[in-house]
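We count residues from 1, following the sequence as given. Basis for what follows: all heavy atoms, side chains included, without hydrogens, waters or symmetry-related copies. Computed from a prediction, not measured in an experiment: that's the story for all the values here.
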Amino acid sequence: METIQYQPKGVCSRMMEIDIENGIVQDLRVFGGCNGNLKGISRLVKGMEIDEVITRLEGVTCGFKSTSCPDQIAQALKQYKA
């Protein structure tokens, strides 16, 4: 299993840690941000393939911002794949 750390940009959360094994998200931890919502997202993405998470979360915005914590999760996974 591999753990990646990602410092999100343009959102309230400060750090994201994602556990990945064989292209599948095993766990997601987000520090800062909207606690309940991010715990829910973490549970939803567990067991999902990386590409599916990216497809579902990329482009989600938060209020007036051009990004969001879900979008930043997608960006972290895209960076991991690159």
Asks: Does the side chain of Q75 reach to within under 4.5 Å of the side chain of T67, using non-hydrogen atoms?
Replies: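 Not touching, per the 4.5 Å side-chain cut-off.
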
Asks: Identify the two heavy atoms, one from L38 and one from C69, that lie closest to each other, and give their separation to 0.1 Å.
Replies: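 That would be CD2-CB, 3.5 Å.
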
Asks: With side chains defined as the heavy atoms from C-beta onward, is the minimum distance between D27 and E17 less than 4.5 Å?
Replies: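 SC-SC contact between D27 and E17 ruled out.
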
Asks: Is there side-chain contact between T3 and R29, with at least one heavy-atom pair below 4.5 Å?
Replies: yes

Asks: Measure the CG-OG distance between N37 and S68 for me, rounded to the nearest 0.5 Å.
Replies: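 These two atoms lie 10.5 Å from each other.
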
Asks: Mind listing the closest non-hydrogen atom pair of Q79 and Y6 along with its distance?
Replies: OE1-CE1, 3.5 Å

Asks: For the residue pair M15 and Q7, what are the closest heavy atoms and their distance?
Replies: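 Residues M15 and Q7, closest heavy atoms: SD-N, 4.2 Å.
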
Asks: Less than 4.5 Å apart, side chain to side chain, heavy atoms only: is that true for L57 and L77?
Replies: no

Asks: Using 0.5 Å steps for rounding, measure from the NZ atom of K46 to the CG atom of D19.
Replies: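 Answer rounded to 0.5 Å: 9.0 Å.
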
Asks: Are F31 and I41 co-members of a hydrophobic cluster defined by side-chain heavy atoms under 4.5 Å apart?
Replies: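 No, no single cluster joins them.
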
Asks: Closer than 3.5 angstrom, by distance alone: can the side chain of Q72 be matched with the main-chain N or O of K9 as a donor-acceptor pair?
Replies: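 At least one qualifying donor-acceptor pair exists.
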
Asks: Say you draw a straight line from NZ of K78 to CG of D51; how long is it, rounded to the nearest 0.5 Å?
Replies: 11.0 Å

Asks: Should I18 and Y80 count as side-chain neighbours, where that means a heavy-atom distance under 4.5 Å?
Replies: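 With C-beta onward as the side chain, the pair stays apart.
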
Asks: Between P8 and R14, which heavy-atom pair has the shortest distance, and what is it?
Replies: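 Heavy atoms only, the tightest pair is CD-O, 3.5 Å.
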
Asks: Membership question, hydrophobic clusters at under 4.5 Å side-chain separation (ILVMFWY): are M16 and I54 in the same one?
Replies: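 Yes.
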
Asks: Nearest 0.5 angstrom please: L28 CG to I73 CD1, how far?
Replies: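 Atom-to-atom, L28:CG and I73:CD1 are 4.5 Å apart.
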
Asks: Are the side chain of D71 and the backbone N or O of G59 linked by a donor-acceptor pair below 3.5 Å?
Replies: yes

